[in-house]
Student: 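There's a structure below that I have some questions on.
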Amino acid sequence: MHPEPHGSALHNSLLTALGTAIVSGVYPPGQVITLDSVSAEHKMSRSVAREAIRVLESMGMIESRRRVGITIQPSHKWNVFDPRLIRWRLESGDRAVQLLSLSELRKGFEPAAAALAARRADPHQCRTMAAAVSDMVVHGRSGDLEAYLLADKIFHRTLLEASGNEMFRALNGVVSEVLSGRTHHGMMPETPNPVAIELHDEVARAIRMKDESAAEKAMRAIIDEAASAVAEEAPQS
């Protein structure tokens, strides 16, 4: 018997279903639901439903009060930095608008993180970023977008770690969901832009050379290029 993985799978399934329903407006702000209704509608046990509700409450998406029920909260109360919420919003909402909003956020911290990485990165981190760029070149040419995405994630995760700033490092999940969202929702070109790859190489090289200004500038250019690409790839209404 393997009750833990099974329970975890049920919990994740219900959590995703409820989170997506809230984000998409199926459960609008102010609506009150109950543990029993959630359990019955999704054919899950009360214990699984209770755990999913607890997580959503920690994300600010619902408020559970005795004798009132479970009230859906307006979006301004949500923890918009939670990677799970970012994923649900990209799956259920206006992806282009959400990705552009996230690009503005990234512009606020990734260039600064790149500058700090140029000051603090160790040789291993520099090698990891250089290797990630090499993989991006290879997979960009072959058009293997999933392998390209993995290399891109490794590059940005390593850069944030190399910044030596725990707050920047904690935003890796945000960046990872942005990168995944572009790929998994058809907002990447079939062949990644060679300019974007070259900019990643510039960042890696600037960090290796401890050129803070160049690292910051190239990282800002990466985010600008991605925002422009999203605008171009977004479906026209």
Side-chain angles (χ1 to χ4, degrees), residues 80-81 83 86 90 95-141 143 145 147-183 185 187-234:
V80 294
F81 292 99
I86 292 172
L90 290 175
R95 294 183 190 117
V97 169
Q98 176 71 0
L99 284 169
L100 289 172
S101 173
L102 289 162
S103 292
E104 292 174 350
L105 170 66
R106 289 180 65 193
K107 194 181 289 188
F109 70 86
E110 278 201 279
L116 287 174
R119 188 186 310 171
R120 299 169 175 168
D122 62 35
H124 174 70
Q125 290 166 332
C126 289
R127 286 193 296 271
T128 300
M129 283 184 279
V133 172
S134 295
D135 287 345
M136 290 171 73
V137 171
V138 171
H139 300 309
R141 287 174 180 163
L145 293 183
Y148 181 92
L149 171 62
L150 177 60
D152 202 5
K153 284 183 176 181
I154 290 171
F155 178 92
H156 289 275
R157 183 186 69 223
T158 305
L159 182 143
L160 292 174
E161 291 173 352
S163 75
N165 182 293
E166 63 181 3
M167 299 296 179
F168 288 159
R169 185 170 60 246
L171 290 168
N172 175 62
V174 172
V175 176
S176 180
E177 288 300 332
V178 173
L179 300 176
S180 295
R182 280 190 66 195
T183 297
H185 295 296
M187 305 184 83
M188 275 283 286
E190 290 184 9
T191 302
N193 187 353
V195 172
I197 300 174
E198 175 58 30
L199 287 170
H200 282 76
D201 188 46
E202 285 185 27
V203 170
R205 189 165 56 247
I207 290 173
R208 191 166 60 248
M209 300 300 292
K210 299 191 177 300
D211 188 336
E212 296 179 32
S213 177
E216 183 173 358
K217 180 180 178 181
M219 178 54 72
R220 186 171 289 107
I222 285 175
I223 299 166
D224 286 341
E225 187 282 329
S228 296
V230 165
E232 290 175 8
E233 295 292 328

Student: I would like to know whether Y148 and V138 meet side-chain contact (heavy atoms from CB on, under 4.5 Å); could you show each step before the answer?
Tutor: CA-CA 8 Å; Y148 181 92; V138 171; over 6 Å; no
Student: Search all heavy atoms of A227 against all heavy atoms of L100 and return the closest pair with its distance.
Tutor: O-CD2, 3.6 Å
Student: Any chance you could lay out the side-chain contact (heavy atoms from CB on, under 4.5 Å) test for V80 and I86, step after step, and finish with the verdict?
Tutor: CA-CA 7 Å; V80 294; I86 292 172; over 6 Å; no
Student: Are the side chain of S180 and the backbone of S176 linked by a donor-acceptor contact shorter than 3.5 Å?
Tutor: yes
Student: Could you tell me which non-hydrogen atom of E212 sits nearest to which non-hydrogen atom of A115, and how far apart they are?
Tutor: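 It is CG-O, 3.3 Å.
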Student: Give, for atom CD of Q98 and atom OG of S103, the distance between the pair rounded to the nearest 0.5 Å.
Tutor: 10.0 Å
Student: Just how far is it from atom CE of M136 to atom CG of L149, taken to the nearest 0.5 Å?
Tutor: 9.5 Å
Student: Kindly compute the distance separating CG (L150) from CG (L179), expressed to the nearest 0.5 Å.
Tutor: 11.0 Å
Student: Output all residues satisfying salt bridge (Lys or Arg N to Asp or Glu O under 4.0 Å) with R205, sequence neighbours left out; order by chain, then residue number.
Tutor: E198, D201
Student: Which atoms form the tightest heavy-atom contact between A215 and V203, and what is the distance?
Tutor: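 Heavy atoms only, the tightest pair is O-CG2, 4.1 Å.
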Student: Show me the side-chain donor-acceptor pairs of residues 107-114 shorter than 3.5 Å, one per line, residues at least two apart or across chains.
Tutor:
from	atom 1	to	atom 2	distance (Å)
K107	NZ	D224	OD1	2.6
E110	OE1	R106	NE	2.5
E110	OE1	R106	NH2	2.8
E110	OE2	H156	ND1	2.9

Student: To check you understand the geometry: which heavy-atom pair defines the closest contact between D135 and A151, and what is its length?
Tutor: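 Scanning both residues completely, I find the closest heavy atoms to be CB-CB, 3.7 Å.
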Student: Going from NE2 on H139 to OG1 on T191, what distance comes out if it is rounded to the nearest 0.5 angstrom?
Tutor: 14.0 Å
Student: Quick one: CZ on R220 to CD on E225, what's the gap to the nearest 0.5 Å?
Tutor: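 Between R220 CZ and E225 CD, I get 15.5 Å after rounding to 0.5 Å.
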Student: Which heavy atom of A118 sits nearest to which heavy atom of A206, and what is that distance?
Tutor: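 Nearest pair, atom of A118 first, then A206: CB-O, 4.2 Å.
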Student: Just how far is it from atom CG of L159 to atom NE2 of H200, taken to the nearest 0.5 Å?
Tutor: 9.0 Å
Student: Quick one, K210 and R119 - any side-chain contact, counting heavy atoms below 4.5 Å?
Tutor: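 A side-chain contact under 4.5 Å is absent here.
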Student: Donor-acceptor pairs under 3.5 Å, side chain of residues 161-168 to any protein atom, not counting sequence neighbours: which ones?
Tutor:
from	atom 1	to	atom 2	distance (Å)
S163	OG	L160	O	2.7
S163	OG	N165	N	3.1
N165	OD1	M167	N	2.8
N165	OD1	F168	N	3.0

Student: If I compare all heavy atoms of P192 with all of I197, which pair ends up nearest, and what's the gap?
Tutor: CB-CD1, 4.5 Å
Student: Apply side-chain contact (heavy atoms from CB on, under 4.5 Å) to residues R157 and I154 and explain how you reach the verdict.
Tutor: CA-CA 5 Å; R157 183 186 69 223; I154 290 171; 4.0 Å; yes
Student: Give a yes or no on whether the backbone of D122 and the side-chain of Q125 come within a donor-acceptor separation of less than 3.5 Å.
Tutor: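 Yes, the answer is positive, given that a donor and an acceptor are paired below the 3.5 Å cut-off.
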Student: Do R182 and P189 make a side-chain contact, defined as non-hydrogen atoms from C-beta onward lying under 4.5 Å apart?
Tutor: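 R182 vs P189: side chains touch.
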